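What follows is a short report on a single structure.
Just so you know, ligand 1 is whichever comes first in the structure, and atom 1 is the first atom listed for that ligand. The structure displayed is predicted, hence computed values, not measured ones.
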Amino acid sequence: MLNIILSGAPGSGKGTQSSFIAQKYGLQHLSTGDVLRAEIATGSELGKQIDALISKGNLVPDEMMYGVIENYIAGLPQDCKGTIFDGYPRTVAQAESLTQLLKKYNMDAIMIDLLVDEQLLIQRLIERGKVSGRADDNLNTIRHRIAVYHQQTEPIAHYYLHHGNYFAVNGNHTMADVFLQIMRVIELARPDKR
Ligand code: AP5
Ligand code: MG
């Protein structure tokens, strides 16, 4: 089983690289951002609460995310080769909870951190905002998302570093170059091949 946590700031390329990895290694791709946006699209009361947070660039409370992840893992097919967690965990509490949950199913994960310069993040998201229709792809909200990332998500790097399963990748390069670096990390680190 190959589980990969793909972390990084907004616009670092998590979604882009997750698709490449999923295809190459036959993994499932779980983007918590996509799950939350799908809930918003249903127009439910919960969706409205989520929308109020996401559109301002704030994180959804940890408690709301735990159920999503638990249901996802419990529903994995027997023949699943592994998952790419795209945008989860995003807080140290989520990281601790995921470690416990994976342990319960006899699984573990490696964490790949996409490191990208802030100017480039902003440039990519402004560009995407022209076509994405995402409520959070505007300059003010992008800046706030990046600040939230530094405050709440960046500390998970230390968590995984401490646990010995942290791998940094320079995400400033072309999509193809970044994917090459990621493949190298996966081949080196594959917990399922150790
Ligand atoms: P989420 O959907 O995860 O958004 P995000 O973290 O802000 O990141 P993005 O999806 O904007 O960027 P990305 O890193 O996927 O980059 P992409 O590949 O698209 O989360 C949205 C919100 O949901 C959060 O703010 C939060 O409110 C909530 N949420 C989600 N998970 C949560 C959790 N666990 N807990 C609490 N709340 C949660 O690339 C961006 C653009 O750049 C694209 O146009 C792409 O084509 C381009 N690009 C990518 N790579 C390159 C490259 N190498 N060179 C040039 N262009 C590139
Ligand atoms: Mg994304």
Side-chain angles (χ1 to χ4, degrees), residues 4-23 29-41 46-73 83-98 101 109 111-156 159 169-182:
I4 299 170
I5 294 159
L6 198 54
S7 193
S12 57
K14 300 184 292 296
T16 304
Q17 297 296 332
S18 291
S19 301
F20 297 161
I21 300 167
Q23 202 172 7
H29 174 191
L30 176 71
S31 157
T32 45
D34 286 350
V35 171
L36 296 170
R37 282 185 289 276
E39 185 64 40
I40 294 172
L46 177 63
K48 284 178 187 142
Q49 290 170 30
I50 294 170
D51 191 23
L53 292 162
I54 289 195
S55 58
K56 289 198 172 64
N58 292 316
L59 295 185
V60 166
D62 290 339
E63 293 67 30
M64 217 183 254
M65 299 309 303
Y66 294 151
V68 171
I69 302 300
E70 279 175 27
N71 289 341
Y72 169 80
I73 291 183
T83 294
I84 304 166
F85 294 91
D86 163 3
Y88 190 91
R90 258 178 153 94
T91 62
V92 172
Q94 288 182 13
E96 285 166 347
S97 142
L98 181 61
L101 190 62
M111 194 273 225
I112 299 180
D113 203 3
L114 288 176
L115 305 177
V116 177
D117 295 346
E118 189 156 320
Q119 251 336 92
L120 208 48
L121 297 172
I122 294 173
Q123 214 176 298
R124 287 182 189 173
L125 292 177
I126 291 285
E127 198 52 41
R128 189 183 66 185
K130 292 176 186 165
V131 291
S132 70
R134 272 179 59 164
D136 57 353
D137 276 350
N138 59 78
L139 188 56
N140 279 344
T141 314
I142 290 166
R143 288 219 166 100
H144 184 64
R145 282 157 67 198
I146 293 173
V148 167
Y149 165 78
H150 287 309
Q151 269 167 16
Q152 300 190 52
T153 305
E154 222 167 28
I156 72 170
Y159 174 88
V169 160
N170 183 341
N172 290 305
H173 302 296
T174 64
M175 293 179 197
D177 280 351
V178 175
F179 186 48
L180 269 177
Q181 289 184 65
I182 290 177

Item to check | side chain to side chain donor-acceptor pair (under 3.5 Å) evaluation trace for Tyr149 with Ser12 | outcome: CA-CA 11 Å; Tyr149 165 78; Ser12 57; over 6 Å; no
Heavy atoms only, cut-off 4.0 Å: how does [X] contact ligand 1, side chain, backbone, both, or neither?
X	answer
Leu36	side chain
Leu53	neither
Ser132	neither
Asn58	backbone

Which residue and non-hydrogen atom of the protein lie closest to [atom], and at what distance in Å?
atom	answer
atom 13 (P) of ligand 1	Lys14 N, 3.5 Å
atom 31 (N) of ligand 1	Thr32 OG1, 2.8 Å
atom 53 (N) of ligand 1	His173 O, 2.8 Å
atom 12 (O) of ligand 1	Gly11 N, 3.0 Å
atom 22 (C) of ligand 1	Ile54 CD1, 3.9 Å
atom 4 (O) of ligand 1	Arg134 NH2, 3.1 Å
atom 19 (O) of ligand 1	Arg128 NH1, 2.8 Å
atom 15 (O) of ligand 1	Gly15 N, 2.9 Å

Item to check | Electrostatic pair Lys48:Asp51 at N-O distance under 4.0 angstrom | outcome: no
Rounded at 0.5 Å granularity, tell me how far [atom1] in [X] sits from [atom2] in [Y].
X	Y	atom1	atom2	value
Ile112	Ile4	CD1	CD1	5.0 Å
Ile5	Lys14	CD1	NZ	13.5 Å
Ile21	Leu6	CD1	CG	5.0 Å
Leu114	Asn172	CG	CG	10.0 Å
Ile69	Thr32	CD1	OG1	6.0 Å

Next on the checklist: Under the rule for salt bridge (charged side-chain N to carboxylate O under 4.0 Å, His left out), what residues qualify as partners of Glu70, not counting sequence neighbours?
Outcome noted: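 Counting only residues at least two positions away or on another chain, Glu70 forms no salt bridge (charged side-chain N to carboxylate O under 4.0 Å, His left out).
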Polar contact flag for [X] and ligand 1 (N/O pairs, less than 3.5 Å):
X	result
Asp34	no
Gly8	no
Tyr88	no
Ser31	no
Gly171	no
Pro10	no

Please give me the minimum heavy-atom distance between [X] and [Y], naming the atom from each residue.
X	Y	result
Gly171	Arg124	O-NH2, 2.9 Å
Ser132	Asp137	OG-OD2, 2.9 Å
Gly11	Leu121	C-CD2, 3.6 Å
Ala95	Pro89	N-CB, 3.4 Å

Any atoms of ligand 1 less than 4.0 Å from a non-hydrogen atom of [X]? List them with their elements.
X	answer
Ala9	14 (O)
Gln94	33 (C), 34 (N), 35 (N), 36 (C)
Gly87	31 (N), 32 (C), 33 (C), 34 (N)
Leu125	11 (O)

Among [options], which residue places a heavy atom closest to [atom]?
atom	options	result
atom 49 (C) of ligand 1	Thr16, Leu59, Asp62, Val178	Thr16
atom 6 (O) of ligand 1	Arg37, Met65, Arg90	Arg90
atom 47 (C) of ligand 1	Lys130, Arg145, His144, Arg124	Arg124

Checklist entry - Is it the case that more than 12 heavy atoms not belonging to Arg143 sit under 6.0 Å from its CZ atom? => result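 12 or below, so no.
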Checklist entry - Does atom CD of Glu63 have more than 12 heavy-atom neighbours from other groups under 6.0 Å away? => result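 Yes.
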Checklist entry - For His144 and Asn58, what are the C-alpha separation, side-chain angles and deciding distance, and is it a side chain to side chain donor-acceptor pair (under 3.5 Å)? => result CA-CA 8 Å; His144 184 64; Asn58 292 316; 2.6 Å; yes
